[in-house]
Chemist: 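Submitted below is the structure of interest, expressed as structure tokens.
Residue numbers run from 1 in the order of the sequence given. Since we're looking at a predicted model, the values are computed, not measured.
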Amino acid sequence: MSVKLTAILFIALCFEVGLLLAIIPWTNYWENNFFLFWLTARFPGSQLAAIVQSGYMRGAVTGLGLVNLALGFLEIMGFRRLPTEA
């Protein structure tokens, strides 16, 4: 039972992280990020804000989210092969 429960929690975590990473870079939250403002205040004159807000960075983060979603789907496919007793 604990093996299946652990797998269910891992699948839920993969989907949660995957959806957040796939959606958040394309919302206003990404541009109004407190952590980004704090970092640019710490390192004035750096191009950190421009790099983080570029489409390339947003695409990379979205790609990581899609990888997490794919991992969740792969775990669902392998869920039936898990032992019922550990």
Side-chain angles (χ1 to χ4, degrees):
M1 181 66 187
S2 67
V3 174
K4 289 205 178 219
L5 182 63
T6 303
I8 290 170
L9 291 175
F10 181 69
I11 291 168
L13 179 71
C14 286
F15 280 120
E16 181 180 2
V17 170
L19 283 175
L20 285 175
L21 287 177
I23 294 172
I24 285 183
W26 306 105
T27 62
N28 288 333
Y29 179 74
W30 188 263
E31 295 168 1
N32 300 326
N33 189 348
F34 171 76
F35 185 65
L36 179 61
F37 289 137
W38 181 78
L39 275 178
T40 54
R42 289 285 224 180
F43 304 107
S46 69
Q47 297 295 325
L48 186 61
I51 292 170
V52 171
Q53 291 181 353
S54 72
Y56 295 114
M57 182 63 79
R58 290 177 186 211
V61 172
T62 300
L64 287 175
L66 295 177
V67 167
N68 272 310
L69 289 173
L71 181 63
F73 283 120
L74 286 175
E75 286 293 321
I76 287 174
M77 287 184 204
F79 186 73
R80 292 182 126 185
R81 291 180 286 180
L82 291 175
T84 55
E85 297 291 325

Chemist: Could you pull out all residues at least two apart from L20 that satisfy side chain to side chain contact (heavy atoms under 4.5 Å, CB included)?
Modeler: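 Once residues adjacent in sequence are excluded, the partners of L20 under the side chain to side chain contact (heavy atoms under 4.5 Å, CB included) criterion are E16, I24.
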
Chemist: With sequence neighbours left out, write down each residue that passes ring pair (Phe, Tyr, Trp, His ring centres under 6.0 Å) with F73, or none if nothing qualifies.
Modeler: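 Per chain and number, F73 pairs via ring pair (Phe, Tyr, Trp, His ring centres under 6.0 Å) with F15.
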
Chemist: Might you confirm whether atom CG of N28 has over 12 heavy atoms from other residues, nucleotides or ligands at distances under 6.0 Å?
Modeler: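 Counting neighbours around CG of N28, 12 or fewer heavy atoms of other residues, nucleotides or ligands fall under 6.0 Å, so no.
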
Chemist: Going by the rule side chain to side chain contact (heavy atoms under 4.5 Å, CB included), which residues pair with F34 if we only count those two or more places apart in sequence or in a different chain?
Modeler: none

Chemist: Under a single-linkage definition using a 4.5 Å side-chain heavy-atom cutoff for Ile, Leu, Val, Met, Phe, Trp and Tyr, are L21 and Y29 assigned to the same hydrophobic cluster?
Modeler: yes

Chemist: What pairs with T40 under side chain to side chain donor-acceptor pair (under 3.5 Å), at least two apart in sequence or on another chain?
Modeler: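 Per chain and number, T40 pairs via side chain to side chain donor-acceptor pair (under 3.5 Å) with no residue.
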
Chemist: Answer whether the closest heavy-atom distance between the side chains of T6 and F10 falls below 4.5 Å.
Modeler: no

Chemist: Working to the nearest 0.5 angstrom, can you tell me the gap between I8 CD1 and L13 CG?
Modeler: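 CG of L13 is found 13.5 Å from CD1 of I8.
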
Chemist: Please say yes or no: joined through hydrophobic side-chain contacts below 4.5 Å, possibly via intermediate residues, are V17 and F35 part of one cluster?
Modeler: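 Yes; tracing contacts between hydrophobic side chains, which count when under 4.5 Å, links both residues.
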
Chemist: In terms of hydrophobic clustering (I, L, V, M, F, W, Y; side-chain heavy atoms under 4.5 Å; direct or indirect links), are F37 and F43 co-clustered?
Modeler: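 No, separate clusters.
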
Chemist: Under a 4.5 Å cut-off applied to non-hydrogen side-chain atoms, are V52 and W30 in contact?
Modeler: yes

Chemist: Suppose the criterion is salt bridge (charged side-chain N to carboxylate O under 4.0 Å, His left out): which pairs have a residue in residues 34-49, not counting sequence neighbours?
Modeler: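 Applying salt bridge (charged side-chain N to carboxylate O under 4.0 Å, His left out) to every pair that reaches into residues 34-49, excluding sequence neighbours, yields nothing.
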
Chemist: Counting only pairs under 3.5 Å, give me each side-chain donor-acceptor contact of residues 54-71, with atom names and distances, residues two or more places apart or in other chains.
Modeler:
| from | atom 1 | to | atom 2 | distance (Å) |
| --- | --- | --- | --- | --- |
| S54 | OG | I51 | O | 2.8 |
| S54 | OG | M57 | N | 3.4 |
| R58 | NH1 | P25 | O | 3.2 |
| R58 | NH2 | E31 | OE2 | 3.1 |
| T62 | OG1 | W26 | NE1 | 2.8 |
| T62 | OG1 | R58 | O | 2.8 |
| N68 | ND2 | L64 | O | 3.4 |

